[in-house]
Amino acid sequence: MDLIARLRAGLPGEAILTDPDITGSYANDMASFCEAGTPAVVVLPRTVEQVQHIMRTATELRVPVVPQGARTGLSGAANASDGCLVLSLVKMDRIIEINPVDRIAVVEPGVINAVLSRAVNEHGLYYPPDPSSWEQCSIGGNIGTASGGLCCVKYGVTAEYVLGLDVVLADGRLLTTGRRTAKGVAGYDLTRLFVGSEGSLGIVVRAVLALKPEPPQQLALAAEFPSTAAACAAVCEIMARGHAPALLELMDRTSIRAVNAMAQMGLPDSTEALLLAAFDTPEPAADLAAVGALCTAAGATEVVPAETAAESDLLLQARRLTLTALEQVKSATMIDDVCVPRSRLAEMLDGTAAIAEKYGLTIGVCAHAGDGNTHPTVCFDAADPDESRRARASFDDIMALGLQLGGTITGEHGVGVLKKEWLARELGPVGLELQRGIKDVFDPLGILNPGKLF
């Protein structure tokens, strides 16, 4: 019996897509420079039992399986391989439970981040992880790539909110990990192992997520600096003094000018760096005043605190527009994701500027400055082979710089196809051997998302 016939034995007809014009649209995520193959079939299950049938079939026939969420990723982790079965989880999109007493939500992987956030807000609760694509990205994808967001400086990343998982293994068995309780240390932490595994160990079909009480409305400030070094010095001072901003973001000169060109934000051309801070504390105005004073002492030429939520939204608009504005600079972009210690942030930004000059490229940087996670965005003409080559070379130089500064090649986007070579460099031979050994335990046939990570 062939693959399609075997799948039809346990799936409704509408869950199986074979038209090449349709299946081709599932070939890749949003990453540049990542190869993608042609899937043999795309399946869209709605139940755990259907996922189990799919994986049993794939194991019996030795067919590679590429799990997918909303495909908003930036590393090629969801890219198809030739002849693979693409397992799209977008139809498994139920919020099963929101429990205000236990402060948990139980969800399927296809639930959109923003949909969950709004649903828990109705109960006075808060799900903090907020990737910039939160209106499109799915919880399953967030778990697969260990996503972050603007609020990570205070609230942490996705991994810190995943309490337990239901996972369909490569052979179709159902594994339950973790807990629903506030505490629990029984056995190895398999839950954390799956978070960030990019679908290479199993298919997440249900997640128990921790929630927090909804915080007060945040207030923000914007501080303009004559140099990135001064802005980064302010970041270090803010954190060293024990402040806990809900958001601490930085934009470099290239990003500022791109936003000005697109949206006429009116930021002075003399501004070399813009620092945005926000607090959701009971007395945010007092916190903003203290941070504003630190910015002024570090050399800020202007500090503008908001007095209302509406003013805060206006101040933060420039940061939200950054990636869209940089996409207007050239026909293509590569968004890097290097995270360094906060104390090395200035070196990272200055080094990236030097790389841009070396290759004759426009590279804008926005950063989750509070946790050292930078997003250098290389702008290039995809139709120009030489410029594309220089763009890829600059991307590699940026990752090398991050490692040199004691950082990591990815803070929240994942490895996928794009950074496989660099993962090996970061882990070292012993770390790489052990990680491959873990992969072999969960996926001995190597059918789960092959070609990713390693």
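FYI, the numbering just counts along the sequence from 1. From a predicted model like this one, the values you see are computed outputs, not experimental measurements. For the numbers below, each heavy atom of this structure counts, side chains included, while hydrogens, waters and symmetry mates do not.
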Step by step, would you call D396 with R392 a salt bridge (charged side-chain N to carboxylate O under 4.0 Å, His left out)? CA-CA 6 Å; D396 287 343; R392 181 64 211 229; 3.5 Å; yes
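- For K419 and E426, the salt-bridge test fails: no basic side-chain N is under 4.0 Å from an acidic carboxylate O.
- Residue K91 qualifies as open at atom NZ: its count of foreign heavy atoms under 6.0 Å is 12 or below.
- Of all heavy-atom pairs spanning A369 and R342, the tightest one is O-CG, 4.2 Å.
- With contacts defined as side-chain heavy-atom distances shorter than 4.5 Å, the pair L248/L275 qualifies.
- Of all non-hydrogen atoms in E198 and A77, the two that sit nearest each other are OE1-CB, 3.3 Å.
- Residues R71 and Y26 form a side-chain contact, since some pair of their non-hydrogen atoms from C-beta on lies under 4.5 Å apart.
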Please evaluate residues V42 and I22 with respect to the criterion side chain to side chain contact (heavy atoms under 4.5 Å, CB included), reporting the C-alpha separation (whole Å), side-chain torsions for both, the decisive distance (0.1 Å), and the verdict. CA-CA 9 Å; V42 175; I22 297 175; over 6 Å; no
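- Between the CE atom of M334 and the SG atom of C379 there is a distance of 11.5 Å, given to the nearest 0.5 Å.
- To the nearest 0.5 Å, atom CZ of residue F194 and atom CD1 of residue I143 are 11.5 Å apart.
- Using modelled atom types, one side-chain atom of E108 and one backbone atom of R94 make a donor-acceptor pair closer than 3.5 Å.
- In terms of heavy atoms, Y155 sits closest to P215 at OH-CB, 3.7 Å.
- Here the rule is side chain to side chain contact (heavy atoms under 4.5 Å, CB included) with H375, and of V365, D337, L74 only D337 fits it.
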Please test D336 against T374 for side chain to side chain contact (heavy atoms under 4.5 Å, CB included), starting from the C-alpha separation and ending with a verdict. CA-CA 8 Å; D336 214 327; T374 67; over 6 Å; no
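- A ring-centre distance under 6.0 Å is not found for F395 and F33.
- Using a 4.5 Å heavy-atom cutoff, the side chains of D443 and S200 are not in contact.
- Within a 6.0 Å sphere centred on CZ of R390, other residues, nucleotides and ligands contribute more than 12 heavy atoms.
- Side-chain polar atoms of S394 and D397 form no donor-acceptor pair below 3.5 angstrom.
- W422 and A400 make their closest contact through CH2-CB, 3.6 Å (heavy atoms, listed as atom of the first residue, atom of the second, distance).
- Crowding of R173 atom CZ: a count of heavy atoms from other residues, nucleotides or ligands under 6.0 Å not exceeding 12.
- Remark: T38 pairs with D82 by the side-chain contact (heavy atoms from CB on, under 4.5 Å) rule, at least two apart or across chains.
- A distance of 9.5 Å separates OG in S25 from CG in D19, rounded to the nearest 0.5 Å.
- At least one side-chain heavy atom of V291 sits under 4.5 Å from a side-chain heavy atom of F279.
- Between the CZ atom in R344 and the CD atom in Q404 there is a gap of 8.0 Å [rounded to 0.5 Å].
- Side-chain contact of Y126 with D280: a donor-acceptor pair under 3.5 Å is absent, judged by distance alone.
- In terms of heavy atoms, N113 sits closest to P129 at ND2-O, 3.1 Å.
- Atom CE of M92 and atom OG of S138 lie 11.5 Å apart (nearest 0.5 Å).
- Side-chain N or O atoms of D29 include one that pairs as donor or acceptor with a backbone N or O of G76 at under 3.5 Å.
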Verdict with reasoning, L85 to V43, per side chain to side chain contact (heavy atoms under 4.5 Å, CB included): CA-CA 7 Å; L85 182 157; V43 290; 3.4 Å; yes
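- Checked by atom type and distance alone, the side chain of H368 never pairs as donor or acceptor with a backbone atom of L247 at under 3.5 Å.
- Classification of E135 and R118 as a salt-bridged pair holds, one side-chain N sitting under 4.0 Å from a carboxylate O.
- Around CE of M262, the count of heavy atoms belonging to other residues, nucleotides or ligands within 6.0 Å exceeds 12.
- Here OG1 of T322 is found 10.5 Å from CD of Q317. Values are rounded to the nearest 0.5 Å.
- Checked by atom type, the side-chain pair W134/N142 shows no donor-acceptor distance below 3.5 Å.
- For Q435, the side-chain contact (heavy atoms from CB on, under 4.5 Å) partners two or more places apart in sequence, or in a different chain, are L427, F454.
- R319 meets the salt bridge (charged side-chain N to carboxylate O under 4.0 Å, His left out) test with E249; sequence neighbours excluded.
- Nearest heavy-atom pair, L116 versus A105, reported as atom, atom and distance to 0.1 Å: CD1-CB, 4.1 Å.
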Checking side chain to side chain contact (heavy atoms under 4.5 Å, CB included) for the pair L448/I203: CA distance, chi angles, key distance, verdict? CA-CA 9 Å; L448 280 171; I203 311 298; 3.8 Å; yes
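- Partner of V338 under the side chain to side chain contact (heavy atoms under 4.5 Å, CB included) criterion, out of L405, L401, I398: I398 alone.
- Counted within 6.0 Å of CD on E60, heavy atoms from surrounding residues, nucleotides or ligands total more than 12; the atom is thus considered enclosed.
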